[in-house]
> 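Please read through the structure below; I'll follow up with questions.
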Amino acid sequence: MRHWLMKSEPDEFSIDDLQRVGTEPWTGVRNYQARNFMRDGMKPGDRILFYHSNTKVPGVAGIAEVASKPYPDPTQFDPGSDYHDPRASREAPRWMLVDVGFVEKLPEVVSLEAIKAIADELDDFALVRRGNRLSVMPVTAGQYTRILKLARRS
DNA sequence: GCCAACGTTGGC
DNA sequence: GCCAACGTTGGC
């Protein structure tokens with residue numbers, strides 16, 4: 001099983017929203033690297049650190065899982081969608097996504113600050129690399145475990 | 001709200 | 001194919 005981190009702005013879609021709906025198609029990713037991780041790397045059952053970005057206390061707010069195989073993001077075909085991509089067609093879709101399923105809401109957010117504080121244990125964690133803006137990124141099993149350990153102590 | 005970082009676009 | 005301009009991300 002692989003592990004991932006996926007960012008979401010909680011004002012748009014939070015861990016509570018995911019808990020409410022159960023499963024959510026991860027529409028709207030329009031970055032090739034992030035797409036490639038979903039398209040080429042993700043398998044159903046993979047675990048995901050659900051990260052709240054662009055908010056007061058950014059950090060890992062919960063655990064999710066990959067809940068489908070990759071498939072074309074339907075919003076790319078929808079002229080009425082903000083994510084419409086006129087260069088994409090059904091025959092040649094450009095953007096792929098997976099469904100994300102709720103697993104667990106952490107009792108408290110593991111803040112970016114707390115993650116940075118143990119960065120030396122996380123050897124080269126993509127999230128804390130300067131200037132990183134990727135919304136989907138791989139996480140090693142060790143990184144995944146260490147970050148969750150921060151949520152489970154206390 | 002600011003702005004650094006950085007991916008994408010498009011003129012040449 | 002270079003690279004300046006532009007748009008977006010996301011921490012602060």
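Throughout, a chain's letter reflects where its sequence line sits, starting with A, and its residues are numbered from 1.
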> Let me know the distance between CG of N132(A) and C1' of dA5(B), rounded to the nearest Å.
10 Å
> For a quick check of understanding: with a heavy-atom distance under 4.0 Å over all strands, which category does R87(A) fall into, base, sugar-phosphate or nothing?
sugar-phosphate
> Could you state the CG-C1' distance from N54(A) to dC3(B), rounded to the nearest angstrom?
13 Å
> I'd like to know if the side chain of D17(A) and the backbone of S14(A) have a donor-acceptor N/O pair within less than 3.5 Å.
yes
> OP1 or OP2 of dC12(C) versus the side-chain N and O atoms of K116(A): is any pair under 4.0 Å?
yes
> Could you tell me if R133(A) and S53(A) have a donor-acceptor pair between their side chains, going purely by distance under 3.5 Å?
no
> The side chain of R133(A) is closest to which nucleotide in this list: dT9(B), dA5(B), dC12(C)?
dA5(B)
> Let me know the distance between CD of Q33(A) and P of dT9(C), rounded to the nearest Å.
15 Å
> To the nearest angstrom, how far is H52(A) atom NE2 from dG11(C) atom P?
12 Å
> Measure CG/D82(A) against C1'/dG7(C) and give the value in whole Å, please.
15 Å
> Check every atom of dG10(C), dT8(B), dC12(C) against the side chain of S53(A) and return the nucleotide holding the closest atom.
dG10(C)
> For the ring-ring contact (aromatic ring centres under 6.0 Å, His included) test, which of Y83(A), Y32(A), W26(A) pairs with W95(A)?
Y32(A)
> Using the side-chain contact (heavy atoms from CB on, under 4.5 Å) rule, pick out the option among V60(A), V128(A), V57(A) that qualifies with L112(A).
V128(A)
> Could you state the atom-to-atom distance from CE of M137(A) to P of dC6(B) in whole Å?
13 Å
> When you measure from the side chain of N31(A), which nucleotide among dG7(B), dG11(C), dT9(B) comes out closest?
dG7(B)
> Roughly, in whole Å, what's the span from OH in Y51(A) to P in dG10(C)?
8 Å
> Between K7(A) (NZ) and dC6(B) (P), how many Å, whole number?
11 Å
